[in-house]
Amino acid sequence: MVYVNDKPILLVCDNCVYVKILPELEAIMTNTERAIPYGGTKEHYVLDMDCGEKVRAVIAVLERITPIPKSKAKKAK
């Protein structure tokens with residue numbers, strides 16, 4: 001997982017960068033390949049890291065809309 005300002009933004013798996021499919025990204029990710037990062041997950045966009053302008057746009061949107069994850073309570077032993 002790649003974090004930006006403590007927010008999980010990009011998923012990296014098998015040398016590929018995945019982005020969650022969200023309505024806020026539809027305009028940016030038009031005609032973008034989709035794939036399943038690993039078994040048991042939903043389909044994601046595949047982000048081409050060579051397209052710097054698109055990468056910056058996706059990160060800007062996701063950083064704005066993604067909440068900082070809440071800390072998980074530790075289980076008592």
Side-chain angles (χ1 to χ4, degrees):
M1 188 62 73
V2 176
Y3 289 79
V4 175
N5 295 325
D6 297 322
K7 300 174 181 183
I9 302 294
L10 305 173
L11 174 63
V12 181
C13 188
D14 294 330
N15 294 322
C16 202
V17 179
Y18 297 92
V19 178
K20 191 172 184 179
I21 296 174
L22 298 169
E24 294 87 350
L25 295 174
E26 278 183 26
I28 299 169
M29 301 301 279
T30 303
N31 300 321
T32 300
E33 178 185 354
R34 296 176 180 206
I36 296 175
Y38 55 90
T41 61
K42 294 181 180 180
E43 191 174 60
H44 284 60
Y45 291 119
V46 177
L47 184 59
D48 180 2
M49 295 304 289
D50 291 331
C51 185
E53 188 174 318
K54 183 181 276 190
V55 171
R56 285 187 290 279
V58 166
I59 289 173
V61 169
L62 290 175
E63 199 282 327
R64 182 174 41 83
I65 66 171
T66 303
I68 294 174
K70 295 178 182 178
S71 297
K72 293 182 181 178
K74 294 184 179 182
K75 294 180 182 179
K77 291 184 178 183

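These values consider heavy atoms only, across backbone and side chains, with no hydrogens, waters or symmetry-generated copies.
With rounding to the nearest 0.5 Å, the separation of CE in Met29 from CD in Glu24 is 13.0 Å. Rounding to the nearest 0.5 angstrom, the gap separating the NZ atom in Lys7 from the CD1 atom in Ile65 is 9.5 Å. The line from CD1 of Ile68 to OG of Ser71 is 10.0 Å long, rounded to the nearest 0.5 Å. The structure places OH of Tyr18 at 14.0 Å from CZ of Arg34, a figure rounded to the nearest 0.5 Å.
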Run the side-chain donor-acceptor check on residues 44-53: report pairs under 3.5 Å with partners two or more places apart or on a different chain.
| unit_1 | atom_1 | unit_2 | atom_2 | d |
| --- | --- | --- | --- | --- |
| His44 | ND1 | Lys42 | O | 2.8 |
| Asp48 | OD1 | Asp50 | N | 3.0 |

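Shown here for Cys13 and Pro37, the closest heavy-atom pair between the two residues is SG-O, 3.4 Å. Shown here for Glu63 and Asn5, the closest heavy-atom pair between the two residues is OE2-ND2, 3.2 Å.
The cluster map of Ile, Leu, Val, Met, Phe, Trp and Tyr, joined by side-chain heavy atoms under 4.5 Å apart, puts Leu25 and Ile36 in different clusters. Leu62 is not connected to Tyr3 by any chain of hydrophobic side-chain contacts under 4.5 Å among Ile, Leu, Val, Met, Phe, Trp and Tyr, and they are in different clusters.
Annotation for Lys20: atom NZ does not count as buried by contact number, only 12 or fewer foreign heavy atoms lying within 6.0 Å.
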Stepwise side chain to side chain contact (heavy atoms under 4.5 Å, CB included) check, Val4 with Leu10: CA-CA 9 Å; Val4 175; Leu10 305 173; over 6 Å; no

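Residue Val17 is tested with Leu11, Val2, Val12 for a side-chain contact (heavy atoms from CB on, under 4.5 Å); the sole match is Val12.
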